[in-house]
Amino acid sequence: MNNLTFNGSHAVSNCPQVMEMDGEKALKTVAYSCVMFLSFTGNVLVILIVYKNRSMQTTVNFLIVNMAFSDLLQSIIAIPYRILNIVIANGTDRWFVEGIVGEIFCKFVPFLLDISVGVSVLSLVLIAFDRFLGVVYPMRASTISKRMHSCNLALTWVISMGFHSPLFFTFRLVTSLDGITYCTYSWNPMPDPSRSEEIYFLVTSTCLFIFPLLLLISLYSTILIRLKRQKTPGNDSFRNQKRIAKRNRNVLRMVLAVVVIFALCWLPLNTLGYINRYIWVKNSSTPCEAGTYIEWAFFIAYSNSFLTPCLYFLFSENYRQGLKQLFGRRVILIKTSFQTKPRNLYDGRETSASESRAGMSLRGIQSQH
């Protein structure tokens with residue numbers, strides 16, 4: 001879904017090779033650096049808020065934290081790698097670490113880039129199932145144990161790693177005739193490398209993007225229909241039910257926004273992957289603007305890692321309150337350190353309000369004698 005979209009199959013292009021200007025490189029570097037900073041900051045804040053607030057340690061929030069950890073891989077590995085690719089490698093697969101260490105990095109970096117997206121997709125699916133059970137089958141939802149939820153979190157990583165384990169076989173270092181080392185993607189020595197690559201691309205894109213997206217649409221459509229049909233009585237005895245229904249709707253709005261933004265951010269890159277493989281490659285020609293399209297598609301896709309935390313703070317009062325608590329305590333400490341307390345005018349020392357009142361009473365008694 002990430003590197004696999006464009007690695008391996010490349011169409012022949014008759015366009016002249018144009019070197020990027022230093023100003024263009026600088027602009028791209030600044031843009032990706034902003035995304036990296038916002039993504040890292042936003043996802044760390046999400047993790048801290050859930051960690052420090054026991055009331056927020058629910059199934060949905062644990063899955064959100066799971067997504068935050070996967071998005072941190074984007075900000076720590078994917079985006080810095082992209083910046084390095086722009087600044088030093090000029091958009092090529094050139095690799096700057098050689099030997100065994102370079103070979104390990106060549107295999108692990110693409111692997112970590114792709115599993116992070118897979119974990120996010122699977123977490124969104126689990127959130128949808130949790131909301132589905134909570135709205136459609138509320139009694140069954142309450143019977144799921146914490147151990148089962150923990151297993152589900154672990155499965156998101158195990159399944160994603162399983163799908164992307166072939167990357168350890170397909171990525172390798174190759175040294176060109178002029179002595180430059182490249183990290184290349186190839187299915188050699190498979191009997192039919194091109195066919196093997198195509199099958200793997202179809203399996204991963206279908207199982208980790210197309211099918212989950214269709215499943216999310218189906219689940220949330222069912223949830224929305226059920227909520228629309230629900231009519232909660234207005235008696236005082238049903239106030240608790242109304243409160244729970246309102247809370248469910250608020251959570252639903254937030255996760256729906258997260259799903260929509262995720263789909264919009266990753267759809268261009270996946271769409272271009274299919275266009276590249278089945279139109280540009282088959283016709284043996286790539287339009288001169290393809291590089292620009294791909295660059296924008298990558299930038300939009302990586303932007304999802306900082307937009308998602310913004311949605312939590314925008315739609316959830318709990319996350320906003322958690323953010324205030326994280327920073328509010330420091331602000332309160334700073335304010336109280338600058339506050340001046342009432343002073344006793346007679347001896348110059350600081351006194352409390354009760355001590356001031358006691359002093360006034362004593363002086364009143366003394367004045368009577």
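Bear in mind that the values here come from a model prediction, so they are computed numbers and not experimental data.
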**Q** Would you say the side-chain atoms of S116 pair up with the backbone N or O of L113, donor to acceptor, closer than 3.5 Å?
**A** yes

**Q** Please walk me through it: do D71 and V46 pass side-chain contact (heavy atoms from CB on, under 4.5 Å)?
**A** CA-CA 11 Å; D71 284 340; V46 167; over 6 Å; no

**Q** Going by the side chain to side chain donor-acceptor pair (under 3.5 Å) test, which pairs reach into residues 207-221, not counting sequence neighbours?
**A** none

**Q** Compute the centroid of each ring, for Y274 and then for F201, and state whether the two points are separated by less than 6.0 Å.
**A** yes

**Q** Can you tell me how the ring of Y319 sits relative to the ring of Y312, calling it parallel under 30°, perpendicular over 60° and tilted otherwise?
**A** parallel

**Q** OG1 of T308 to CZ of F262: how many Å apart, nearest 0.5 Å?
**A** 8.0 Å

**Q** Are there over 12 heavy-atom neighbours, none belonging to F169, within less than 6.0 Å of that residue's CZ?
**A** yes

**Q** Could you see if I294 belongs to whatever hydrophobic cluster contains I300? Use Ile, Leu, Val, Met, Phe, Trp, Tyr and a side-chain cutoff under 4.5 Å.
**A** no

**Q** Any sub-3.5 Å donor-acceptor pair from W187's side-chain atoms to D192's backbone N or O?
**A** no

**Q** Among all residues two or more places apart in sequence or in another chain, which pass the side-chain contact (heavy atoms from CB on, under 4.5 Å) test with V260?
**A** L264

**Q** Got a sec, which pairs hit side chain to side chain donor-acceptor pair (under 3.5 Å) with one end in residues 96-109, sequence neighbours left out?
**A** E98-T181

**Q** Look up atom CG in L73 and atom CG in N43, then write down how far apart they are to the nearest 0.5 Å.
**A** 10.0 Å

**Q** Evaluate whether atom CZ of F313 has more than 12 neighbouring non-hydrogen atoms of other residues, nucleotides or ligands under 6.0 angstrom away.
**A** yes

**Q** Does S176 have any side-chain contact (heavy atoms from CB on, under 4.5 Å) partners at least two apart in sequence or in another chain, and if so, which?
**A** D178, I180, Y182

**Q** Classify the angle between the aromatic ring planes of W266 and Y302 as parallel (below 30°), tilted (30 to 60°) or perpendicular (above 60°).
**A** perpendicular

**Q** Is the number of heavy atoms from other residues, nucleotides or ligands within 6.0 Å of CZ (F168) greater than 12?
**A** yes

**Q** List in chain and number order the residues that pass salt bridge (charged side-chain N to carboxylate O under 4.0 Å, His left out) with R320, two or more places apart in sequence or in another chain; answer none if no residue qualifies.
**A** E317

**Q** Kindly write out the residues that satisfy salt bridge (charged side-chain N to carboxylate O under 4.0 Å, His left out) with R195, not counting sequence neighbours, or none if the list is empty.
**A** E198

**Q** To the closest 0.5 Å, what do you measure between OG (S305) and CD1 (I79)?
**A** 4.5 Å

**Q** Does OH in Y278 sit with more than 12 non-hydrogen atoms of other residues, nucleotides or ligands closer than 6.0 Å?
**A** yes

